[in-house]
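Keep in mind the model is a prediction, meaning the values are calculated, not measured. Chain identifiers are assigned alphabetically (A, B, ...) following the order of the sequence lines, protein sequences preceding nucleic acid strands; residue numbering begins at 1 within each chain. For the numbers below, each heavy atom of this structure counts, side chains included, while hydrogens, waters and symmetry mates do not.
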Protein chains: 2
Amino acid sequence: MMGITRYTRILALFDEEHPAWTVADISAALDTSASTLYRLIREMVAADFLESTVESRYRLGPFFVEYYRRLRLTDPLVLSGAKFLRPLLGQIPCPCTTILARLYGKTVMCVAEERANTASFATSYELGRPMPLLRGATSMAVLSTLPKRQIMKLVSEASDAPKDADTLYAEFTGIRKIGISETHGQVDPGLVGIAAPVRSTDLGINASLSVIIEQHNLTTEIRPHIYAALSSTARMIEGFMAELSVPGAHIP
Amino acid sequence: MMGITRYTRILALFDEEHPAWTVADISAALDTSASTLYRLIREMVAADFLESTVESRYRLGPFFVEYYRRLRLTDPLVLSGAKFLRPLLGQIPCPCTTILARLYGKTVMCVAEERANTASFATSYELGRPMPLLRGATSMAVLSTLPKRQIMKLVSEASDAPKDADTLYAEFTGIRKIGISETHGQVDPGLVGIAAPVRSTDLGINASLSVIIEQHNLTTEIRPHIYAALSSTARMIEGFMAELSVPGAHIP
DNA sequence: CTTATTTTATCGTTATTTGATAAAATATTA
DNA sequence: TAATATTTTATCAAATAACGATAAAATAAG
(Lines give C-alpha, C1' and ligand atoms only; values in the text may rest on other atoms or scores of the structure.)
Protein backbone atom coordinates (compact mmCIF):
# COMPACT_ATOMS: atom_id res chain seq x y z
CA MET A 1 0.00 0.00 0.00
CA MET A 2 1.27 3.48 -0.62
CA GLY A 3 0.77 7.16 0.05
CA ILE A 4 -2.43 8.91 0.90
CA THR A 5 -4.60 6.05 -0.32
CA ARG A 6 -3.67 4.13 2.81
CA TYR A 7 -5.92 6.60 4.60
CA THR A 8 -8.51 7.42 1.98
CA ARG A 9 -9.50 3.83 1.35
CA ILE A 10 -10.29 3.52 5.05
CA LEU A 11 -12.32 6.75 5.00
CA ALA A 12 -14.21 5.58 1.93
CA LEU A 13 -15.73 2.74 3.95
CA PHE A 14 -17.72 5.13 6.14
CA ASP A 15 -21.05 6.07 4.64
CA GLU A 16 -24.72 6.29 5.50
CA GLU A 17 -25.11 2.50 5.37
CA HIS A 18 -21.90 1.80 7.31
CA PRO A 19 -21.52 4.51 9.93
CA ALA A 20 -19.23 2.61 12.31
CA TRP A 21 -16.60 -0.05 11.67
CA THR A 22 -14.63 -2.49 13.76
CA VAL A 23 -10.98 -3.08 13.00
CA ALA A 24 -11.78 -6.70 12.17
CA ASP A 25 -14.32 -5.65 9.54
CA ILE A 26 -11.98 -3.08 8.02
CA SER A 27 -9.28 -5.72 7.94
CA ALA A 28 -11.58 -8.05 6.03
CA ALA A 29 -12.85 -5.33 3.70
CA LEU A 30 -9.39 -4.06 2.77
CA ASP A 31 -7.44 -7.30 3.07
CA THR A 32 -4.93 -5.69 5.38
CA SER A 33 -3.51 -6.96 8.65
CA ALA A 34 -5.12 -5.78 11.87
CA SER A 35 -1.73 -4.77 13.14
CA THR A 36 -1.28 -2.29 10.31
CA LEU A 37 -4.83 -1.03 10.64
CA TYR A 38 -4.55 -0.37 14.34
CA ARG A 39 -1.54 1.79 13.59
CA LEU A 40 -3.27 3.69 10.78
CA ILE A 41 -6.45 4.15 12.75
CA ARG A 42 -4.56 5.47 15.74
CA GLU A 43 -3.02 8.09 13.47
CA MET A 44 -6.39 8.98 11.99
CA VAL A 45 -7.96 9.32 15.43
CA ALA A 46 -5.12 11.62 16.49
CA ALA A 47 -5.82 13.72 13.39
CA ASP A 48 -9.60 13.76 14.14
CA PHE A 49 -10.36 11.98 10.87
CA LEU A 50 -11.87 9.19 12.97
CA GLU A 51 -12.96 8.73 16.54
CA SER A 52 -13.63 5.65 18.57
CA THR A 53 -17.10 4.79 19.76
CA VAL A 54 -18.96 1.92 21.44
CA GLU A 55 -18.52 -1.78 20.73
CA SER A 56 -14.91 -1.27 19.59
CA ARG A 57 -16.05 0.60 16.56
CA TYR A 58 -14.77 3.74 14.89
CA ARG A 59 -16.70 6.50 13.17
CA LEU A 60 -15.88 9.64 11.18
CA GLY A 61 -14.41 12.45 13.24
CA PRO A 62 -15.20 16.18 13.42
CA PHE A 63 -12.19 17.15 11.31
CA PHE A 64 -14.45 17.28 8.27
CA VAL A 65 -16.73 19.90 9.80
CA GLU A 66 -13.76 22.17 10.38
CA TYR A 67 -12.42 21.75 6.87
CA TYR A 68 -15.84 22.16 5.32
CA ARG A 69 -15.82 25.60 6.94
CA ARG A 70 -12.33 26.32 5.67
CA LEU A 71 -13.50 25.44 2.18
CA ARG A 72 -16.56 27.71 2.50
CA LEU A 73 -14.23 30.56 3.44
CA THR A 74 -11.62 29.94 0.75
CA ASP A 75 -13.24 28.35 -2.28
CA PRO A 76 -13.84 30.96 -4.98
CA LEU A 77 -17.05 29.32 -6.21
CA VAL A 78 -18.68 29.02 -2.78
CA LEU A 79 -17.33 32.41 -1.75
CA SER A 80 -18.77 34.08 -4.84
CA GLY A 81 -21.94 32.07 -5.21
CA ALA A 82 -23.38 31.03 -1.87
CA LYS A 83 -24.48 34.53 -0.94
CA PHE A 84 -26.75 34.71 -3.99
CA LEU A 85 -28.71 31.54 -3.29
CA ARG A 86 -31.07 33.10 -0.76
CA PRO A 87 -31.78 36.22 -2.82
CA LEU A 88 -32.42 33.95 -5.78
CA LEU A 89 -34.95 31.98 -3.73
CA GLY A 90 -36.81 35.23 -3.18
CA GLN A 91 -37.05 35.85 -6.93
CA ILE A 92 -38.80 32.56 -7.64
CA PRO A 93 -42.56 32.82 -7.11
CA CYS A 94 -43.07 29.21 -5.95
CA PRO A 95 -41.57 26.76 -3.43
CA CYS A 96 -38.06 25.95 -4.57
CA THR A 97 -34.50 24.98 -3.77
CA THR A 98 -31.46 26.78 -5.16
CA ILE A 99 -28.22 24.93 -5.76
CA LEU A 100 -24.62 25.70 -6.60
CA ALA A 101 -22.93 22.63 -8.08
CA ARG A 102 -19.58 21.79 -9.63
CA LEU A 103 -17.65 19.08 -11.39
CA TYR A 104 -16.23 16.55 -8.93
CA GLY A 105 -14.21 13.85 -10.67
CA LYS A 106 -16.68 11.89 -12.75
CA THR A 107 -19.65 13.30 -10.86
CA VAL A 108 -21.36 16.61 -10.19
CA MET A 109 -21.69 17.72 -6.59
CA CYS A 110 -23.70 20.43 -4.87
CA VAL A 111 -21.38 22.69 -2.86
CA ALA A 112 -23.99 25.13 -1.51
CA GLU A 113 -27.76 25.15 -1.30
CA GLU A 114 -30.73 27.06 0.06
CA ARG A 115 -34.21 25.75 0.56
CA ALA A 116 -37.36 27.84 0.83
CA ASN A 117 -39.31 27.26 4.04
CA THR A 118 -42.29 26.58 1.82
CA ALA A 119 -40.51 23.79 -0.11
CA SER A 120 -41.83 20.48 1.18
CA PHE A 121 -40.40 18.22 -1.53
CA ALA A 122 -37.05 16.44 -1.22
CA THR A 123 -34.32 16.77 -3.85
CA SER A 124 -31.58 14.24 -4.54
CA TYR A 125 -29.03 17.02 -5.06
CA GLU A 126 -27.97 17.31 -1.45
CA LEU A 127 -24.97 19.30 -0.33
CA GLY A 128 -21.92 17.07 -0.71
CA ARG A 129 -23.59 14.20 -2.54
CA PRO A 130 -21.92 13.07 -5.78
CA MET A 131 -24.52 12.84 -8.57
CA PRO A 132 -24.52 11.42 -12.09
CA LEU A 133 -22.98 13.52 -14.84
CA LEU A 134 -25.56 13.06 -17.54
CA ARG A 135 -28.90 13.42 -15.81
CA GLY A 136 -30.63 16.58 -14.67
CA ALA A 137 -30.27 20.22 -15.57
CA THR A 138 -27.73 20.85 -12.82
CA SER A 139 -25.29 18.32 -14.26
CA MET A 140 -25.98 19.15 -17.90
CA ALA A 141 -25.24 22.82 -17.28
CA VAL A 142 -21.95 21.94 -15.58
CA LEU A 143 -20.93 19.67 -18.46
CA SER A 144 -21.79 22.36 -21.00
CA THR A 145 -19.03 24.56 -19.60
CA LEU A 146 -16.30 22.04 -20.44
CA PRO A 147 -14.19 21.89 -23.61
CA LYS A 148 -15.47 19.41 -26.19
CA ARG A 149 -12.58 17.00 -25.72
CA GLN A 150 -13.26 16.69 -22.00
CA ILE A 151 -17.01 16.29 -22.51
CA MET A 152 -16.48 13.47 -25.00
CA LYS A 153 -14.07 11.76 -22.62
CA LEU A 154 -16.48 11.95 -19.68
CA VAL A 155 -19.42 10.82 -21.79
CA SER A 156 -17.50 7.87 -23.19
CA GLU A 157 -16.45 6.80 -19.69
CA ALA A 158 -19.96 7.20 -18.27
CA SER A 159 -21.71 3.91 -17.69
CA ASP A 160 -25.21 5.39 -17.63
CA ALA A 161 -25.21 7.51 -20.77
CA PRO A 162 -28.89 7.81 -21.75
CA LYS A 163 -28.08 8.80 -25.36
CA ASP A 164 -25.16 8.55 -27.75
CA ALA A 165 -22.27 10.96 -27.43
CA ASP A 166 -23.06 13.10 -30.47
CA THR A 167 -26.71 13.61 -29.52
CA LEU A 168 -25.57 14.63 -26.04
CA TYR A 169 -22.98 17.00 -27.39
CA ALA A 170 -25.64 18.71 -29.49
CA GLU A 171 -27.59 19.29 -26.28
CA PHE A 172 -24.57 20.88 -24.66
CA THR A 173 -24.15 23.17 -27.61
CA GLY A 174 -27.78 24.21 -27.19
CA ILE A 175 -27.30 24.88 -23.49
CA ARG A 176 -24.24 27.01 -24.19
CA LYS A 177 -26.18 28.94 -26.81
CA ILE A 178 -29.22 29.87 -24.71
CA GLY A 179 -27.44 29.77 -21.36
CA ILE A 180 -30.06 27.56 -19.68
CA SER A 181 -30.72 23.85 -19.22
CA GLU A 182 -34.15 22.56 -18.24
CA THR A 183 -34.98 18.95 -17.48
CA HIS A 184 -38.13 17.24 -16.22
CA GLY A 185 -38.03 14.35 -13.80
CA GLN A 186 -34.58 13.14 -14.86
CA VAL A 187 -33.40 13.01 -11.26
CA ASP A 188 -36.53 13.08 -9.11
CA PRO A 189 -39.99 12.29 -10.47
CA GLY A 190 -42.32 15.27 -10.37
CA LEU A 191 -39.50 17.80 -10.07
CA VAL A 192 -38.02 20.14 -12.64
CA GLY A 193 -34.47 21.41 -12.68
CA ILE A 194 -33.52 24.65 -14.38
CA ALA A 195 -29.86 25.55 -14.44
CA ALA A 196 -27.46 28.16 -15.78
CA PRO A 197 -23.79 27.39 -16.45
CA VAL A 198 -21.26 29.13 -14.20
CA ARG A 199 -17.64 29.16 -15.24
CA SER A 200 -14.31 30.83 -14.76
CA THR A 201 -11.71 29.64 -17.21
CA ASP A 202 -9.20 31.71 -15.26
CA LEU A 203 -9.82 29.82 -12.05
CA GLY A 204 -10.56 26.52 -13.75
CA ILE A 205 -14.08 26.41 -12.40
CA ASN A 206 -16.88 24.50 -14.11
CA ALA A 207 -20.14 24.81 -12.26
CA SER A 208 -23.83 25.61 -12.45
CA LEU A 209 -26.55 27.49 -10.63
CA SER A 210 -29.92 25.73 -10.41
CA VAL A 211 -33.47 26.12 -9.29
CA ILE A 212 -35.50 23.03 -8.43
CA ILE A 213 -39.27 23.32 -8.38
CA GLU A 214 -42.30 21.06 -8.63
CA GLN A 215 -43.36 20.30 -12.17
CA HIS A 216 -46.93 21.53 -11.69
CA ASN A 217 -45.66 24.97 -10.66
CA LEU A 218 -43.80 25.55 -13.90
CA THR A 219 -46.20 27.69 -15.93
CA THR A 220 -45.43 29.57 -19.12
CA GLU A 221 -45.64 32.79 -17.13
CA ILE A 222 -43.05 31.96 -14.50
CA ARG A 223 -40.57 30.21 -16.77
CA PRO A 224 -39.18 33.47 -18.23
CA HIS A 225 -38.86 34.89 -14.71
CA ILE A 226 -36.79 31.91 -13.63
CA TYR A 227 -34.63 31.96 -16.75
CA ALA A 228 -33.90 35.65 -16.26
CA ALA A 229 -33.19 35.33 -12.54
CA LEU A 230 -30.83 32.41 -13.13
CA SER A 231 -28.98 34.07 -16.00
CA SER A 232 -28.43 37.35 -14.23
CA THR A 233 -27.41 35.69 -10.96
CA ALA A 234 -25.01 33.36 -12.77
CA ARG A 235 -23.41 36.37 -14.42
CA MET A 236 -23.01 38.10 -11.07
CA ILE A 237 -21.34 35.04 -9.58
CA GLU A 238 -18.94 34.94 -12.50
CA GLY A 239 -18.24 38.61 -11.91
CA PHE A 240 -17.33 38.02 -8.30
CA MET A 241 -15.08 35.13 -9.25
CA ALA A 242 -13.32 37.28 -11.82
CA GLU A 243 -12.51 39.77 -9.06
CA LEU A 244 -11.00 37.00 -6.99
CA SER A 245 -8.71 36.01 -9.84
CA VAL A 246 -7.17 39.43 -10.47
CA PRO A 247 -3.42 39.18 -9.80
CA GLY A 248 -2.42 40.39 -6.38
CA ALA A 249 -5.83 39.75 -4.83
CA HIS A 250 -4.33 36.76 -3.04
CA ILE A 251 -2.60 37.27 0.28
CA PRO A 252 -0.43 34.16 0.61
CA MET B 1 8.32 13.36 8.55
CA MET B 2 5.96 10.55 9.21
CA GLY B 3 2.49 9.22 8.76
CA ILE B 4 -0.64 11.22 8.27
CA THR B 5 0.90 14.45 9.54
CA ARG B 6 2.74 14.73 6.25
CA TYR B 7 -0.62 15.59 4.78
CA THR B 8 -2.37 17.32 7.65
CA ARG B 9 0.35 19.89 8.20
CA ILE B 10 -0.07 20.91 4.57
CA LEU B 11 -3.85 21.13 4.94
CA ALA B 12 -3.49 23.18 8.10
CA LEU B 13 -1.92 25.99 6.09
CA PHE B 14 -5.14 26.68 4.19
CA ASP B 15 -7.44 29.05 6.01
CA GLU B 16 -9.46 32.19 5.47
CA GLU B 17 -6.32 34.36 5.46
CA HIS B 18 -4.34 32.01 3.22
CA PRO B 19 -6.74 30.49 0.71
CA ALA B 20 -4.19 29.53 -1.93
CA TRP B 21 -0.54 28.49 -1.65
CA THR B 22 2.37 28.07 -4.02
CA VAL B 23 4.70 25.13 -3.59
CA ALA B 24 7.55 27.52 -2.86
CA ASP B 25 5.62 29.10 0.01
CA ILE B 26 4.62 25.73 1.43
CA SER B 27 8.23 24.65 1.18
CA ALA B 28 9.33 27.68 3.17
CA ALA B 29 6.52 27.36 5.71
CA LEU B 30 7.15 23.67 6.40
CA ASP B 31 10.90 23.55 5.79
CA THR B 32 10.51 20.69 3.34
CA SER B 33 12.01 20.25 -0.10
CA ALA B 34 9.97 21.28 -3.09
CA SER B 35 10.59 17.89 -4.63
CA THR B 36 8.89 16.14 -1.73
CA LEU B 37 6.05 18.65 -1.69
CA TYR B 38 5.30 18.30 -5.37
CA ARG B 39 4.92 14.59 -4.81
CA LEU B 40 2.68 14.99 -1.76
CA ILE B 41 0.57 17.67 -3.41
CA ARG B 42 0.09 15.52 -6.49
CA GLU B 43 -1.28 12.79 -4.23
CA MET B 44 -3.55 15.22 -2.43
CA VAL B 45 -4.88 16.61 -5.70
CA ALA B 46 -5.63 13.08 -6.89
CA ALA B 47 -7.52 12.49 -3.64
CA ASP B 48 -9.44 15.82 -4.05
CA PHE B 49 -7.98 17.17 -0.83
CA LEU B 50 -6.44 19.95 -2.90
CA GLU B 51 -6.87 21.31 -6.39
CA SER B 52 -4.65 23.51 -8.50
CA THR B 53 -5.67 27.00 -9.44
CA VAL B 54 -4.19 30.10 -11.09
CA GLU B 55 -0.69 31.47 -10.58
CA SER B 56 0.71 28.01 -9.74
CA ARG B 57 -1.25 27.96 -6.51
CA TYR B 58 -3.23 25.23 -4.83
CA ARG B 59 -6.43 25.47 -2.81
CA LEU B 60 -8.61 23.14 -0.76
CA GLY B 61 -10.55 20.59 -2.79
CA PRO B 62 -14.18 19.48 -2.72
CA PHE B 63 -13.41 16.27 -0.83
CA PHE B 64 -14.35 18.02 2.40
CA VAL B 65 -17.85 18.81 1.21
CA GLU B 66 -18.47 15.16 0.47
CA TYR B 67 -17.14 14.02 3.84
CA TYR B 68 -19.02 16.72 5.70
CA ARG B 69 -22.14 15.14 4.26
CA ARG B 70 -20.99 11.66 5.26
CA LEU B 71 -20.49 12.94 8.79
CA ARG B 72 -23.95 14.52 8.85
CA LEU B 73 -25.41 11.16 7.86
CA THR B 74 -23.39 9.04 10.27
CA ASP B 75 -22.52 11.08 13.35
CA PRO B 76 -24.86 10.21 16.21
CA LEU B 77 -24.87 13.73 17.62
CA VAL B 78 -25.67 15.47 14.34
CA LEU B 79 -28.07 12.70 13.37
CA SER B 80 -29.96 12.99 16.66
CA GLY B 81 -29.71 16.70 17.21
CA ALA B 82 -29.77 18.64 13.93
CA LYS B 83 -33.44 17.95 13.27
CA PHE B 84 -34.42 19.69 16.52
CA LEU B 85 -32.65 22.96 15.81
CA ARG B 86 -35.37 24.40 13.58
CA PRO B 87 -38.27 23.39 15.84
CA LEU B 88 -36.34 24.90 18.73
CA LEU B 89 -36.02 28.16 16.79
CA GLY B 90 -39.78 28.24 16.60
CA GLN B 91 -40.13 27.95 20.35
CA ILE B 92 -38.04 31.04 21.05
CA PRO B 93 -40.13 34.22 20.84
CA CYS B 94 -37.33 36.48 19.56
CA PRO B 95 -34.67 36.49 16.82
CA CYS B 96 -32.18 33.78 17.61
CA THR B 97 -29.68 31.19 16.47
CA THR B 98 -29.66 27.58 17.70
CA ILE B 99 -26.44 25.64 17.92
CA LEU B 100 -25.31 22.07 18.50
CA ALA B 101 -21.70 22.01 19.67
CA ARG B 102 -19.21 19.41 20.88
CA LEU B 103 -15.77 18.97 22.32
CA TYR B 104 -13.08 19.09 19.63
CA GLY B 105 -9.62 18.55 21.05
CA LYS B 106 -8.93 21.55 23.23
CA THR B 107 -11.73 23.53 21.67
CA VAL B 108 -15.50 23.46 21.32
CA MET B 109 -16.94 23.39 17.82
CA CYS B 110 -20.42 23.92 16.41
CA VAL B 111 -21.45 20.90 14.32
CA ALA B 112 -24.95 22.05 13.34
CA GLU B 113 -26.79 25.35 13.45
CA GLU B 114 -30.00 27.06 12.43
CA ARG B 115 -30.59 30.77 12.16
CA ALA B 116 -33.95 32.51 12.26
CA ASN B 117 -34.64 34.66 9.20
CA THR B 118 -35.30 37.47 11.63
CA ALA B 119 -31.86 37.18 13.26
CA SER B 120 -29.70 39.98 11.92
CA PHE B 121 -26.82 39.71 14.40
CA ALA B 122 -23.66 37.69 13.73
CA THR B 123 -22.42 35.03 16.13
CA SER B 124 -18.83 33.82 16.46
CA TYR B 125 -19.99 30.23 16.89
CA GLU B 126 -20.04 29.33 13.23
CA LEU B 127 -20.44 25.80 11.95
CA GLY B 128 -16.97 24.21 11.96
CA ARG B 129 -15.14 26.97 13.79
CA PRO B 130 -13.06 25.90 16.80
CA MET B 131 -13.88 28.13 19.79
CA PRO B 132 -12.35 28.65 23.22
CA LEU B 133 -13.19 26.15 25.91
CA LEU B 134 -13.82 28.49 28.81
CA ARG B 135 -15.89 31.32 27.40
CA GLY B 136 -19.56 31.33 26.57
CA ALA B 137 -22.50 29.20 27.61
CA THR B 138 -22.05 26.81 24.69
CA SER B 139 -18.55 25.85 25.79
CA MET B 140 -19.29 25.88 29.51
CA ALA B 141 -22.19 23.47 29.03
CA VAL B 142 -19.99 21.12 27.01
CA LEU B 143 -17.27 21.19 29.67
CA SER B 144 -19.81 20.51 32.39
CA THR B 145 -20.51 17.08 30.88
CA LEU B 146 -16.93 15.90 31.36
CA PRO B 147 -15.51 13.98 34.33
CA LYS B 148 -13.75 16.16 36.88
CA ARG B 149 -10.31 14.85 36.05
CA GLN B 150 -10.68 15.79 32.39
CA ILE B 151 -12.09 19.23 33.19
CA MET B 152 -9.17 20.01 35.49
CA LYS B 153 -6.72 18.86 32.85
CA LEU B 154 -8.29 21.01 30.13
CA VAL B 155 -8.55 24.02 32.42
CA SER B 156 -4.92 23.71 33.51
CA GLU B 157 -3.78 23.50 29.88
CA ALA B 158 -5.93 26.43 28.79
CA SER B 159 -3.96 29.59 28.18
CA ASP B 160 -6.93 31.92 28.52
CA ALA B 161 -8.51 30.71 31.76
CA PRO B 162 -10.45 33.71 33.04
CA LYS B 163 -10.63 32.37 36.62
CA ASP B 164 -8.82 29.84 38.74
CA ALA B 165 -9.55 26.15 38.30
CA ASP B 166 -11.55 25.65 41.51
CA THR B 167 -13.83 28.64 40.87
CA LEU B 168 -14.46 27.33 37.36
CA TYR B 169 -15.17 23.85 38.59
CA ALA B 170 -17.76 25.23 41.00
CA GLU B 171 -19.48 26.80 38.00
CA PHE B 172 -19.55 23.46 36.18
CA THR B 173 -21.09 21.85 39.23
CA GLY B 174 -23.78 24.52 39.18
CA ILE B 175 -24.46 23.98 35.48
CA ARG B 176 -24.78 20.23 36.03
CA LYS B 177 -27.19 20.85 38.89
CA ILE B 178 -29.65 23.16 37.11
CA GLY B 179 -28.95 21.82 33.60
CA ILE B 180 -28.43 25.25 32.05
CA SER B 181 -25.56 27.65 31.47
CA GLU B 182 -26.17 31.32 30.72
CA THR B 183 -23.48 33.84 29.85
CA HIS B 184 -23.62 37.47 28.77
CA GLY B 185 -21.25 38.92 26.22
CA GLN B 186 -18.45 36.46 26.91
CA VAL B 187 -18.08 35.65 23.22
CA ASP B 188 -19.83 38.46 21.34
CA PRO B 189 -20.69 41.80 22.95
CA GLY B 190 -24.41 42.41 23.21
CA LEU B 191 -25.29 38.73 22.80
CA VAL B 192 -26.40 36.16 25.35
CA GLY B 193 -25.80 32.44 25.16
CA ILE B 194 -28.03 29.96 26.94
CA ALA B 195 -27.04 26.31 26.73
CA ALA B 196 -28.05 22.89 27.99
CA PRO B 197 -25.54 20.04 28.30
CA VAL B 198 -26.04 17.10 25.92
CA ARG B 199 -24.24 13.87 26.65
CA SER B 200 -24.12 10.19 25.97
CA THR B 201 -21.62 8.37 28.14
CA ASP B 202 -22.40 5.28 26.07
CA LEU B 203 -21.31 6.91 22.82
CA GLY B 204 -18.64 9.05 24.43
CA ILE B 205 -20.35 12.25 23.37
CA ASN B 206 -19.90 15.54 25.24
CA ALA B 207 -21.90 18.32 23.69
CA SER B 208 -24.35 21.13 24.24
CA LEU B 209 -27.46 22.69 22.74
CA SER B 210 -27.55 26.48 22.71
CA VAL B 211 -29.71 29.45 21.93
CA ILE B 212 -28.06 32.76 21.10
CA ILE B 213 -30.14 35.92 21.38
CA GLU B 214 -29.61 39.63 21.76
CA GLN B 215 -29.15 40.76 25.33
CA HIS B 216 -31.99 43.29 25.21
CA ASN B 217 -34.47 40.58 24.26
CA LEU B 218 -33.79 38.50 27.35
CA THR B 219 -36.65 39.45 29.67
CA THR B 220 -37.65 37.71 32.89
CA GLU B 221 -40.74 36.42 31.07
CA ILE B 222 -38.98 34.67 28.20
CA ARG B 223 -36.06 33.27 30.18
CA PRO B 224 -38.12 30.42 31.68
CA HIS B 225 -39.50 29.60 28.22
CA ILE B 226 -36.00 29.32 26.80
CA TYR B 227 -34.74 27.25 29.74
CA ALA B 228 -37.65 24.84 29.38
CA ALA B 229 -37.34 24.55 25.59
CA LEU B 230 -33.61 23.89 25.84
CA SER B 231 -33.91 21.33 28.61
CA SER B 232 -36.67 19.34 26.98
CA THR B 233 -35.00 19.42 23.57
CA ALA B 234 -31.66 18.37 25.03
CA ARG B 235 -33.37 15.45 26.70
CA MET B 236 -34.99 14.41 23.41
CA ILE B 237 -31.63 14.53 21.63
CA GLU B 238 -30.13 12.34 24.33
CA GLY B 239 -33.05 9.97 23.89
CA PHE B 240 -32.41 9.64 20.16
CA MET B 241 -28.72 9.05 20.78
CA ALA B 242 -29.53 6.34 23.29
CA GLU B 243 -31.56 4.55 20.62
CA LEU B 244 -28.59 4.68 18.27
CA SER B 245 -26.38 3.03 20.86
CA VAL B 246 -28.56 -0.01 21.55
CA PRO B 247 -26.60 -3.12 20.58
CA GLY B 248 -27.48 -4.44 17.15
CA ALA B 249 -28.68 -1.09 15.84
CA HIS B 250 -25.53 -0.86 13.72
CA ILE B 251 -25.38 -2.50 10.35
CA PRO B 252 -21.67 -2.88 9.67
C1' DC C 1 -11.59 -13.02 39.80
C1' DT C 2 -11.13 -15.23 35.44
C1' DT C 3 -11.44 -15.24 30.67
C1' DA C 4 -12.02 -13.20 26.28
C1' DT C 5 -11.37 -9.30 23.48
C1' DT C 6 -9.32 -5.19 22.00
C1' DT C 7 -5.34 -2.38 21.62
C1' DT C 8 -0.43 -1.33 21.88
C1' DA C 9 4.48 -2.54 21.57
C1' DT C 10 8.43 -5.02 19.47
C1' DC C 11 11.25 -6.22 15.58
C1' DG C 12 13.39 -8.02 11.34
C1' DT C 13 12.30 -7.62 6.61
C1' DT C 14 10.59 -5.17 2.89
C1' DA C 15 9.12 -1.32 0.65
C1' DT C 16 8.59 3.67 0.51
C1' DT C 17 9.85 8.32 1.41
C1' DT C 18 13.23 11.81 0.92
C1' DG C 19 15.78 15.44 -1.46
C1' DA C 20 19.39 16.55 -4.88
C1' DT C 21 19.52 16.75 -9.61
C1' DA C 22 18.09 16.40 -14.32
C1' DA C 23 14.56 16.46 -17.65
C1' DA C 24 10.22 17.78 -19.36
C1' DA C 25 6.28 20.62 -19.66
C1' DT C 26 4.24 24.97 -19.28
C1' DA C 27 4.05 29.94 -18.94
C1' DT C 28 6.15 34.37 -19.83
C1' DT C 29 8.54 37.66 -22.37
C1' DA C 30 10.96 39.60 -26.24
C1' DT D 1 7.35 33.08 -33.16
C1' DA D 2 11.45 32.19 -30.57
C1' DA D 3 13.91 32.53 -26.33
C1' DT D 4 13.75 32.46 -21.50
C1' DA D 5 11.99 31.68 -17.07
C1' DT D 6 9.09 29.05 -14.21
C1' DT D 7 6.63 25.16 -12.76
C1' DT D 8 6.15 20.29 -12.60
C1' DT D 9 7.62 15.54 -13.22
C1' DA D 10 11.10 11.85 -13.36
C1' DT D 11 15.29 9.51 -11.64
C1' DC D 12 18.01 7.47 -8.10
C1' DA D 13 20.79 6.18 -3.97
C1' DA D 14 20.54 6.72 0.97
C1' DA D 15 17.73 7.04 4.83
C1' DT D 16 13.58 6.06 6.79
C1' DA D 17 9.24 4.26 7.72
C1' DA D 18 5.62 0.80 6.83
C1' DC D 19 4.36 -3.94 7.07
C1' DG D 20 2.71 -7.95 9.52
C1' DA D 21 3.73 -11.77 12.75
C1' DT D 22 4.00 -12.20 17.45
C1' DA D 23 3.99 -10.98 22.26
C1' DA D 24 2.51 -8.04 25.85
C1' DA D 25 -0.60 -4.95 27.92
C1' DA D 26 -4.96 -2.89 28.66
C1' DT D 27 -9.73 -3.21 28.72
C1' DA D 28 -14.22 -5.45 28.68
C1' DA D 29 -17.16 -9.34 29.69
C1' DG D 30 -18.69 -13.11 32.31
**Student:** Examine B:R72 relative to B:Y68 and say whether NZ or CZ is less than 6.0 Å from the centre of the six-membered ring and inside a 45° cone about the ring axis.
**Tutor:** yes
**Student:** Rounded to the nearest Å, what distance is computed from the CD atom of residue B:E43 to the P atom of nucleotide C:dT16?
**Tutor:** 12 Å
**Student:** Please answer whether the main-chain N or O of B:E16 pairs with a side-chain N or O of A:T74 as donor and acceptor at a distance below 3.5 Å.
**Tutor:** no
**Student:** I'd like to know whether the aromatic ring centres of B:Y104 and A:F63 sit less than 6.0 Å apart in this structure.
**Tutor:** no
**Student:** Do A:K148 and A:F172 meet the cation-pi criteria used here (NZ or CZ under 6.0 Å from the six-membered ring centre, within 45° of the axis)?
**Tutor:** no
**Student:** Would you say A:S33 places a side-chain N or O within less than 4.0 Å of OP1 or OP2 belonging to D:dC19?
**Tutor:** no
**Student:** Provide, to the nearest angstrom, the distance between the CE atom belonging to B:M44 and the C1' atom belonging to C:dT17.
**Tutor:** 16 Å
**Student:** Once you round it to whole Å, what is the distance between P of D:dA17 and CD1 of B:I4?
**Tutor:** 16 Å
**Student:** Report the distance from atom OH of B:Y7 to atom P of D:dA17, rounded to the nearest whole Å.
**Tutor:** 14 Å
**Student:** Measure from CG on A:L40 to P on C:dT16 and round the result to the nearest Å.
**Tutor:** 14 Å
**Student:** Using the ring centroid of each side chain, check whether B:F240 and B:F84 are separated by less than 6.0 Å.
**Tutor:** yes
**Student:** For nucleotides 6-14 of chain C, read 5' to 3', which letter fits each nucleotide if B means a protein heavy atom sits under 4.0 Å from the base, S means only the sugar-phosphate is that close, and - means neither?
**Tutor:** SBBS-----
**Student:** Check the distance between D:dC19's P and A:I41's CD1 and give it to me in whole angstrom.
**Tutor:** 12 Å
**Student:** Strictly below 4.0 Å, N to O, side chains only: are B:E126 and A:R69 in salt-bridge contact?
**Tutor:** yes
